[in-house]
Amino acid sequence: MPVPAKLIDLLDTDQVPDPESVSIDTGYVDLLPQSELRDATARHQSLSQRTMEFPLLAPIYEHLWRPAGVLAFMGFNVKHFRTERDKTVRALGLQPGSTVIDVACGPGNFTSRFAEAVSPDGVAVGVDVSVPMLRRAVRTNRHPNAVYVRADGTQLPFGDGVFDAASCYAALYLIPEPFRVVDELIRLVRPGGRISIMTSRASRYPVIKAGQKRILGATGLRMFELTDFTDYFQAQGLTDISREVYGVVQYVHATKPSN
Ligand SMILES: C[S@@+](CC[C@H](N)C(=O)[O-])C[C@H]1O[C@@H](n2cnc3c(N)ncnc32)[C@H](O)[C@@H]1O
């Protein structure tokens with residue numbers, strides 16, 4: 001099966017000089033190079049990140065693990081949880097024809113919703129490092145306008161400014177170098193394009209914050225300050241920065257300025 005033409009247009013030809021030769025018999029496009037990057041990615045994984053590679057997690061992630069875990073983190077705000085995907089489509093400004101990248105897509109639970117929003121002629125690219133998650137995405141969140149890719153969020157094989165929008169949900173707190181992923185989101189969107197992230201927020205209370213740091217920190221989960229991403233986006237020159245907070249979860253949305 002050939003790599004979809006929709007994807008080829010978005011790739012960085014320096015990183016992927018011969019995309020037609022890549023096999024997608026698995027249903028996803030594996031662009032994590034066989035060599036050093038694959039080894040380095042595996043070596044630097046935190047315990048929480050390695051959990052995402054566990055084959056038994058992928059089948060239960062979307063309908064059990066995420067509702068139980070993330071909903072609790074959101075302070076059991078069921079109304080928000082139910083509307084989260086639609087809100088994200090709006091935050092990213094997705095329209096028919098848009099190109100969007102969903103970094104750390106897991107089993108494609110957001111990618112498939114993005115694909116609906118950009119249909120009939122746009123493309124939603126879901127990227128993850130985990131083979132079990134991508135296998136699940138291909139099985140349960142397949143969509144004619146969705147393409148799943150195996151790649152590392154800290155070094156994405158796409159050209160500068162090729163996407164109208166980029167997201168990274170429920171993953172920055174697992175990744176040892178989260179701001180490298182954020183830099184990639186900024187690089188990948190065109191001027192005027194939208195970025196949306198969802199991540200953790202440390203407690204306001206010092207005693208709880210210290211406990212979070214000790215217990216969650218041991219597993220590789222990181223709790224971010226409320227201003228970590230808003231300040232970073234501001235420093236990178238992004239505009240229209242907004243934040244929503246639910247429990248210990250924060251969403252930050254921003255626009256890359258037009259040249
Ligand atoms: C908790 S899931 C999030 C899935 C989905 N975005 C959501 O909001 O439900 C986190 C995902 O991040 C992926 N991940 C972790 N490190 C990554 C990296 N360096 N590059 C790409 N994906 C990564 C994991 O494999 C896992 O599928």
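Atoms within a ligand are numbered from 1 in the order they appear, just like the ligands themselves. Worth knowing before you read on, the calculation uses all heavy atoms, side chains too, and leaves out hydrogens, waters and symmetry mates. In this text the structure is predicted, and so the values were computed from the model without any measurement. We number each residue from 1, following the sequence as shown.
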Run the ring-centre check on [X] versus [Y] and record whether the distance is less than 6.0 Å.
X      : Y      : value
Phe73  : Tyr246 : no
His143 : Tyr148 : no
Phe224 : Phe229 : yes

Legend entry - Heavy-atom pair with the smallest gap, counting every atom of Asp14 and Asp12: N-OD1, 3.0 Å
Inset, instruction - Report yes if some heavy atom in the side chain of Val182 is under 4.5 Å from a heavy atom in the side chain of Leu172; otherwise report no. - result: yes
Legend entry - Stepwise side-chain contact (heavy atoms from CB on, under 4.5 Å) test for Glu53 and Val129: CA-CA 8 Å; Glu53 301 276 351; Val129 279; 4.1 Å; yes
Inset, instruction - Give the protein residues with at least one non-hydrogen atom closer than 4.0 Å to an atom of ligand 1, ordered by chain and number. - result: Gln49, Met52, Tyr61, Arg66, Ala104, Cys105, Gly106, Asn109, Phe110, Asp128, Val129, Ser130, Met133, Ala151, Asp152, Gly153, Tyr169, Ala170, Ala171, Leu174, Ile175
